[in-house]
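Quick one: this structure, given as structure tokens, is what I'll be asking you about.
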Amino acid sequence: MLAEFGGEPPLASLRRQLAEGRIGRREFLRYAVLVGLAVPEALAEIGAAGTARAALPQGGTLRLGTRVKDIKNPHTYSWGAYDSNVCRQVCEYLTLTDHDNVTHPWLLERWQVSDDLQTWTLALRPGVKWHNGEDFTADQVIWNLRRLTDPAVGSSFLGLVKGYLMREVPDGTGADGKPRTRLVLWDAQAIERVDAHTVRLHCHSPQVAVPEHLFHYPALMLYPGDNGVFGPGAQGTGAFTLTDFEAGKLARVRAVKNYWGEGPQLEAIEFIDLGDDVSAGISALASRQVHGLVDTDPMQYPALHQIPFLQFYQVSTAETAVLRVKLDAKPFDDARVRQAMRLGLDNTEIMQVALRGLGTAGQNVHVAPVQPDYGRVPAVRRDVAQAKQLLADAGYPTGFETTLYLPASPGWLAAACQAAVEQWQEIGLRVKLSVMPGAAYWDVWTKVPFGCTLWYHRPLGVMVLGLAYRAGVPWNETGYANPAFDRLLAEAEGTLDAARRSAVMAELEAMLQADGPMVQPLWRTLFTFMDHAVQGFTMHPSQYVFGNQLALLAG
Amino acid sequence: MPAGSLLALLARRVASLGLTLLAASFLVFMLTQFSPANVARETLGAYALPEQVRALTRSLRLDDPILLRYARWGGVLLGLKADPLQDPRLGLHFTDPRGARYFGNFGYSTLFRAPVADVLWSRLANTALLGALALAVIVPLSLALGILAGLRPGGLLDRLISVSAIAMTSVPEFALGVILVAIFSVALRWLPGTSPLTTGAGWPLASQLVLPVAVLAIYDSGYVARMVRVAMIEVLGQPYIRTATLKGLSRRQVILRHALRNAMIMPFTVLMLQINWLIGGVVVTELVFAYPGFGRMLLQASLFGDVALIEAATLIALSIAILTQLLSDIGYWLLDPKARG
Amino acid sequence: MRVGRSGVAFVGLALILLWVVLALAAPWLPLPSPTAQDYAAFAHPGPSAQHWLGVDPLGRDTLARLVWGARVVLLLAPLSVLAAYAVGCTLGLLAGYYGGWTDALISRASDVILSFPVVVLYVILIANIGPSAFNIVIAVVLAAAPGVGRIVRGLARRLAAQDFIAAARLRRESGLYIMVVEILPNCRGPLLTDVCIRLGYTTIMIGTLGFLGLGLPPPSPDWGGMVQQAGPMLTVYPAMALIPAGAIISLVLGFNLLADGLSEAP
Amino acid sequence: MTALLAIRDLRVEYASARRPVLALPGFSLDLAPGESFGLVGESGCGKSTLLLAILRHLGPGGRITGGAIVFEGQDLLTADAAALRRVRGGRIALVPQEPASALNPSMTIGRQLMEVPMQHQRVGRAEARERAEQALADVRLPDPRGAMARFAHQLSGGQQQRVAIAMALLARPALLLLDEPTSGLDVTVAAAVLDLLTALSETYRTAMIAISHDLAVVARLCARIGVMQAGEMVEEALAATLFAAPRHVYTQALLAAMPRLGGAAPRTEAPPGETLLDVAGLSKSYTVGGGRVRALEDFALRARRGAMVAIVGESGCGKSSFARVLAGLQAADTGAMRFAGRDLAGRTLAARSPREVAAIQMVFQNPETTLNPAHTVGQPILRALRKLAAPAPLPLAARLAALLEMVRLPAAIGRALPRQLSGGQKQRIAIARACAGAPDLLIADEAVSALDASVQATVVDLLRHIQRARGTTILFISHDLALVQAIADEVVVMYGGRVMQSGPAARLLAPPQHPYTAALLAAVPPPPGAPRAAIRLRGEPSDPRHPPAGCRFAPRCPRHLGKLCDDTPPPVQVTADGGRIACHIPLPELALG
């Protein structure tokens with residue numbers, strides 16, 4: 001994480017960098033609002049004005065095709081796009097990260113951060129009311145945050161804030177005789193009530209991404225009276241209320257009167273379960289049974305692209321598939337083998353096949369050009385002859401046989417793997433595919449010698465590198481342990497100077513290109529199609545739907 | 001003796017129902033042992049920490065020996081003990097409005113995170129609708145085709161019907177679904193391509209049912225029609241048909257009075273068996289048309305490893321199968337005087 | 001009349017033989033590898049001079065995949081039906097010849113399995129033990145053997161009551177000899193038709209499993225999987241799904257027509 | 001008087017795979033009103049085809065290719081469909097073979113009968129019901145009203161045949177066609193049906209064509225008889241003339257093969273040997289459909305080495321059960337069965353020594369199921385030689401040839417499949433198979449009853465030859481008392497699982513006889529002109545699951561004494577000449593007949 005801003009107050013540092021032309025306006029905007037500048041002001045500083053919203057039509061029921069899964073326990077949601085999309089219309093977050101990666105206050109009016117990035121003061125937006133007319137208060141926010149950080153609840157929010165809000169305490173011994181620990185807030189006052197509309201977070205280490213974490217999909221602000229359970233009629237502060245719900249079939253939300261914010265224009269939204277068959281989604285859109293799909297598969301693109309009444313929406317992301325090896329497993333322990341594997345692939349072709357062109361080729365570095373801290377590295381080229389030579393040098397003149405494990409969903413992973421396997425044949429790698437049910441794969445994903453792992457979009461490259469390639473961290477699935485890499489990574493995390501940081505990142509990326517534990521062939525462009533009648537939609541990199549911004553043209 | 005034999009039959013069937021359900025439920029339970037799916041992991045998502053997964057596994061008691069879990073499941077089903085998953089101390093928020101302990105408690109579906117009873121019945125009703133409509137097409141269609149073909153074995157009409165019937169049964173449901181959607185939804189745009197059973201889009205319910213019913217009916221009618229044809233041919237070759245003809249009855253009278261009823265006995269059983277087939281047949285059809293039914297639910301549950309739901313669905317499917325068998329026995333008893341003794 | 005019927009059977013046999021010949025000849029046919037991806041054809045997957053039947057969504061030659069897929073189906077379907085017959089005949093003979101407790105035990109166990117809706121049984125089985133060629137054989141054996149057993153049991157019971165069985169017992173033949181030498185050869189007629197029907201049905205089942213995503217792991221060419229993968233392209237490239245669907249239909253039709261011809265023959 | 005029916009050069013062909021088969025090459029027949037004509041011939045001679053051709057209803061593939069059938073002045077071959085329907089069932093009615101399958105299983109008897117008057121006499125339901133009931137009364141069916149509401153399977157075979165006759169007569173046809181009217185019926189029941197048909201034809205003066213493989217049956221029914229061979233009528237004569245002076249060699253053979261009471265063949269000349277088989281108090285019961293059936297009760301039998309002992313009785317009397325127990329296919333419940341000094345009663349094949357198994361062999365009833373259709377006919381004989389026969393220096397093939405020669409078959413036939421053999425040949429193979437292990441006792445369980453008369457005679461001859469030449473004891477089981485009486489040394493008469501009478505064959509013919517024996521004898525159709533026996537049995541054998549407490553035969557016994565017979569099992573009385581009779585009626589009284 002951004003550990004420090006080089007002693008300078010963060011906002012001042014950002015302004016200086018912008019003035020010196022070392023960061024772009026978008027990056028300035030993103031960081032400036034993170035450290036507390038209100039969006040309109042930040043826009044004013046970079047000389048842009050918020051675009052006025054065009055008048056939108058009123059009324060209508062929007063129907064979206066998706067999976068309708070259980071939504072009962074919002075704080076434990078695990079499918080970002082599926083379950084939180086329903087609840088998001090009813091309950092809201094303290095902050096909102098938009099499709100441009102800019103985080104805005106939402107239920108907050110504003111936030112302030114201390115210069116050491118350890119104390120965050122969150123001011124609640126006045127006038128926000130629950131559907132039952134009660135005021136939205138600091139006590140309710142604290143109730144929610146405490147619940148989200150309670151290990152017994154099991155929210156994935158805990159993983160995000162673990163590093164700066166939690167600590168481990170001993171908790172007896174387990175059945176195997178080893179001492180057990182559990183996570184608690186690091187300090188009783190870590191979440192402090194300042195007044196009825198202000199909450200303060202005290203972190204034990206600096207953290208710049210707190211506002212982004214507050215938008216993590218389980219971090220919905222629930223009505224304490226509902227005891228953390230969400231269902232039809234549950235309270236919320238949002239523009240809609242849930243009226244019907246049947247898992248696997250349908251969820252329906254209806255607009256409430258007197259919503260505190262803008263909108264809603266729609267009268268209702270229906271989330272219709274179309275199952276896992278990608279063909280069903282096409283049929284439903286073609287028959288105009290739904291107005292749009294929340295999630296799409298690249299295989300759906302050709303058919304949907306052809307339907308005249310649909311509008312295409314897309315956004316480039318840092319979502320990717322990593323074909324990674326375990327560094328302590330033969331033959332992958334030899335850097336020449338790993339290099340040969342990278343040289344054996346044409347990343348562009350793999351992207352073309354697996355994503356049908358809806359993406360960009362990866363450079364085997366797991367830092368995306370769309371991420372602001374990306375450092376430029378040379379493009380990779382397929383070189384069969386050199387790959388063969390490397391394999392021969394490593395003692396595999398005729399290649400070798402191995403098995404690649406991958407989860408069954410999403411389907412494009414298998415497409416990417418099949419394309420890679422086919423290309424590897426040419427350098428003598430005979431790879432068998434073993435497709436596992438998703439749940440089974442995620443149980444062994446850090447253990448299999450050769451696997452294909454899906455990594456979702458994250459706003460910063462350092463976040464990914466820190467999670468996946470730093471020595472000893474839990475999600476380091478490859479066992480990559482490179483002290484030089486870790487040193488540079490720490491430096492990148494602590495550098496707010498964009499140019500310097502990009503240079504450091506380029507070094508890190510070069511290391512991965514040279515002896516990294518994986519091939520990372522592609523970046524995904526998320527896309528969807530919506531009926532032309534749908535107004536106000538933008539593609540969010542996490543496939544979030546904001547119902548209060550949407551409208552339907554009549555007819 | 002006739003009424004007694006029917007009662008004895010009923011008693012035998014009920015006993016066999018119980019035994020079959022017991023055996024089958026254990027079989028399915030054993031089978032889920034092999035499942036690679038990890039319910040705790042699936043519940044918590046890909047990025048849950050390993051200790052969270054372990055904790056939930058303990059809470060769900062998924063690490064108990066299989067026999068213990070089976071016994072517990074059986075106890076919960078019979079209402080002998082409370083569903084341990086509903087213990088509020090587990091913090092799973094698993095609550096059943098019917099209470100924690102009642103007869104027929106299939107437990108909690110980990111896939112839908114809802115009581116199985118909440119998930120199961122509405123889907124079963126949807127599938128029953130689909131199945132009933134399919135049957136309403138299959139019965140008259142297959143009888144008409146089979147009888148027409150059986151009247152003149154080897155004739156032009158017979159050959160036409162027989163070959164079409166074979167062709168109909170040779171098209172797998174999923175292929176038929178794809179073909180029908182290509183024709184009627186994509187090319188002609190007459191019918192919706194999916195059947196979510198919501199009418200907001202302007203496709204009436206009836207229009208959503210046409211293609212799924214057609215897939216089930218076309219595949220199955222061919223099969224049943226062939227059975228009816230064989231039965232008809234066999235009956236027409238019986239000496240009593242000759243007796244009837246040689247009584248001076250016209251061909252029409254012979255067929256209507258003497259042949260039809262006897263020719264219905266065998267196909268009746270076959271038709272009842274189709275109910276059993278339909279339960280399985282809907283799996284594919286419901287998947288193709290995104291129909292919110294029992295079959296798709298079962299498929300999801302199987303892929304997910306939702307033991308409670310698989311068990312419930314299996315037992316219900318089996319009960320239906322065995323009850324149909326019973327119905328078919330009773331119908332047979334009514335249709336065939338010989339069965340009455 | 002018989003000519004017409006046997007004509008139908010001939011068509012069936014021809015359809016099956018066509019696939020058998022293609023499958024056997026696959027390695028020598030001038031076809032691309034069934035897994036090779038043609039990036040040039042990717043944008044225009046329809047039939048062309050290089051790819052007579054077009055390519056699949058991953059740019060692989062459809063004809064090659066059909067032909068190599070035929071090897072899979074034509075190996076798996078007969079193998080699993082054969083295995084189901086081995087088990088089913090054994091059980092049926094034991095139950096039908098010995099009767100009594102043996103019969104009661106085997107029959108009740110078969111009833112349990114036969115009460116399952118077939119597709120449900122396959123789905124639960126494969127979803128739990130995992131999709132692989134071996135497991136498909138296991139599943140077919142478990143699902144089909146009781147049905148075969150029931151037929152064989154009926155035949156065996158009828159045959160066991162015949163005088164030539166009593167005659168065999170009177171010359172002190174063992175039970176094994178009577179079941180295998182005296183009874184089994186006489187089950188041939190009715191079973192031959194059943195074999196064809198089951199082959200057709202197993203072909204459908206293998207296709208269905210592929211379609212449900214429970215087929216052979218990629219990149220093995222799997223007809224049902226081909227239909228499923230091409231499903232989303234249906235509106236744009238209908239041939240991509242309809243051709244493999246047609247392949248399955250033609251093979252199943254072949255088995256069914258042959259079964260029909262065999263059952264009508266004297 | 002003009003002919004009622006005139007058939008001229010009728011030619012019927014059946015389509016077949018290769019070329020059409022000529023079933024009737026040119027058949028001619030004239031029949032006067034009220035005249036009865038009987039046609040006799042072996043199976044496949046074309047006699048059924050003739051009946052169906054008259055009604056113009058040949059099954060699939062059958063075609064009339066020439067000739068004329070003029071009935072009541074109308075050529076049926078050119079009649080239109082409506083005219084044909086008027087004739088069928090109205091003017092010409094058929095009593096089909098095997099009424100069990102000729103009656104609609106799912107329609108009540110009443111409705112099936114009512115169809116006839118409703119169709120042909122255009123009467124209403126009520127009237128039709130009345131006529132149908134009357135018709136059932138006319139054929140002497142007990143409880144006609146009750147029978148109207150029943151289904152075919154709820155009636156016994158004899159009752160079904162009466163229903164079929166009633167149905168045929170309902171429309172008062174001018175011509176009645178009888179297709180094997182007694183086949184499949186027990187002898188005593190068949191006799192009653194024949195009585196009925198004779199009486200009816202006398203009452204209604206209906207013309208009749210009766211066909212049968214049994215010369216005695218047509219002789220009993222018809223004044224004029226035709227003998228048919230391969231589609232052609234080889235001889236036609238008045239019944240008495242035919243019997244007295246058969247002209248055609250085929251007719252002579254038929255007559256010679258016909259067993260006649262009293263026409264005893266020479267008995268075994270060999271002196272009676274020691275006792276080979278001694279059975280006493282043997283019982284065997286089965287569970288059938290929820291009830292216990294006592295197939296054998298207190299059964300006793302004694303056979304001396306080299307003798308031919310016959311067991312005679314109607315279906316279900318227990319004779320086959322005994323055969324299976326004796327052969328070791330089933331175990332007896334209680335009793336003793338000493339064979340060559342060792343008790344075999346409780347021991348099935350598995351518990352018998354190889355020698356004991358080889359010693360008792362069996363020839364089965366049905367030639368169609370006695371050989372495995374999947375194997376060559378030589379195979380079971382070879383297996384038997386290998387498994388049962390004592391080692392011999394000769395090669396197996398030679399021993400097979402010898403056995404085939406013994407049953408008068410060419411050695412080459414061993415390589416044939418069963419379907420290429422005739423019924424008689426199959427039974428010979430079965431005999432050869434049974435003799436392969438040189439048995440001491442050969443059981444022939446109804447071994448000839450499914451064969452045509454002439455074939456039957458030769459197979460019987462063969463058995464007697466084996467008996468004499470090899471000294472084999474033969475247990476001959478049959479329902480045909482005439483045959484049994486003619487060939488056996490000793491006879492056991494069974495009814496309902498019990499022995500009614502036993503003794504030397506010759507003494508069966510003369511009183512004192514058991515009443516059942518007398519009835520059986522009376523049921524044998526006598527040659528034309530011979531006096532008819534008057535004894536006829538009431539009803540049919542009772543449900544074996546609920547036998548009467550006393551004498552098994554009591555419910556049907558013409559000399560029934562009352563409660564004593566019903567409640568008390570009869571004592572066994574021994575006659576002067578060694579016969580044993582189980583009856584309450586004292587011997588002197590029984591002797592009065």
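Throughout, protein chains are lettered first and strands after them, A, B, ... in sequence-line order, and every chain is numbered starting at 1. Below, each value reflects all heavy atoms present in this structure, side chains not excepted, and no hydrogens, waters or symmetry copies.
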Non-hydrogen side-chain atoms of B:L299 and C:L212 separated by less than 4.5 Å: yes
B:Y70 OH: over 12 foreign heavy atoms closer than 6.0 Å: yes
Heavy atoms from other residues, nucleotides or ligands near CZ of C:R157 exceed 12 (cutoff 6.0 Å): no
Nearest-0.5 Å distance, OG of residue B:S170 to CG of residue C:N256: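 If I round to the nearest 0.5 Å, the distance is 4.0 Å.
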Over 12 foreign heavy atoms within 6.0 Å of OH, B:Y223: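 Not more than 12 within 6.0 Å, no.
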Heavy-atom contact with chain C under 4.5 Å, split by part of B:L21: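 Nothing of B:L21, per the 4.5 Å heavy-atom cut-off to chain C.
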Side chains of C:V118 and B:V283 in contact at under 4.5 Å (non-hydrogen atoms): no
Among the listed options B:A301, B:P172, B:A175, the residue most often paired with chain C at heavy-atom distances under 4.5 Å: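 Heavy-atom pair counts peak at B:P172.
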When C:I126, C:L114, C:L234, C:D111 are compared by non-hydrogen pairs under 4.5 Å with chain B, the top option: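 Between C:I126, C:L114, C:L234, C:D111, the count favours C:L234.
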Residue B:V28 versus chain C: region with a heavy atom under 4.5 Å: side chain
Neighbourhood of chain B inside residues 192-207 of chain C, taking heavy atoms under 4.5 Å as contact: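 Within residues 192-207 of chain C, the residues under 4.5 Å from chain B are C:Y201, C:I204, C:G207.
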Shortest non-hydrogen contact between B:A321 and C:S115, atoms and distance: CB-O, 3.3 Å
Note, C:D260 side chain near B:R226 side chain (heavy atom, < 4.5 Å):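 Yes, side chains in contact.
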Minimum side-chain heavy-atom gap B:W277-C:V119 below 4.5 Å: no
Engaged part of B:S185 at the chain C interface, taking heavy atoms whose separation is under 4.5 Å: neither
Option that, when pairs with chain B are counted at under 4.5 Å, heavy atom only, ranks first among C:L214, C:L253, C:V120: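 Sorted descending by pairs with chain B, the first entry is C:L253.
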Euclidean distance, C:I249 CD1 relative to B:L176 CG, rounded to 0.5 Å: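 Here the interatomic distance stands at 7.5 Å.
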Which of C:I248, C:I124, C:L251 touches chain B most, by non-hydrogen pairs under 4.5 Å: C:I124
Note, B:N276 side chain near C:F116 side chain (heavy atom, < 4.5 Å):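 The answer is no; the side chains never approach within 4.5 Å.
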Side chain, backbone, both or neither of B:Y219 within contact of chain C (heavy atoms, under 4.5 Å):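 B:Y219 touches chain C through side-chain heavy atoms alone.
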B:L287, part contacting chain C, at a heavy-atom distance under 4.5 Å: side chain
Taking every non-hydrogen atom, the tightest pair across B:F174 and C:T208: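 Shortest heavy-atom separation between B:F174 and C:T208 comes out as CE2-N, 3.3 Å.
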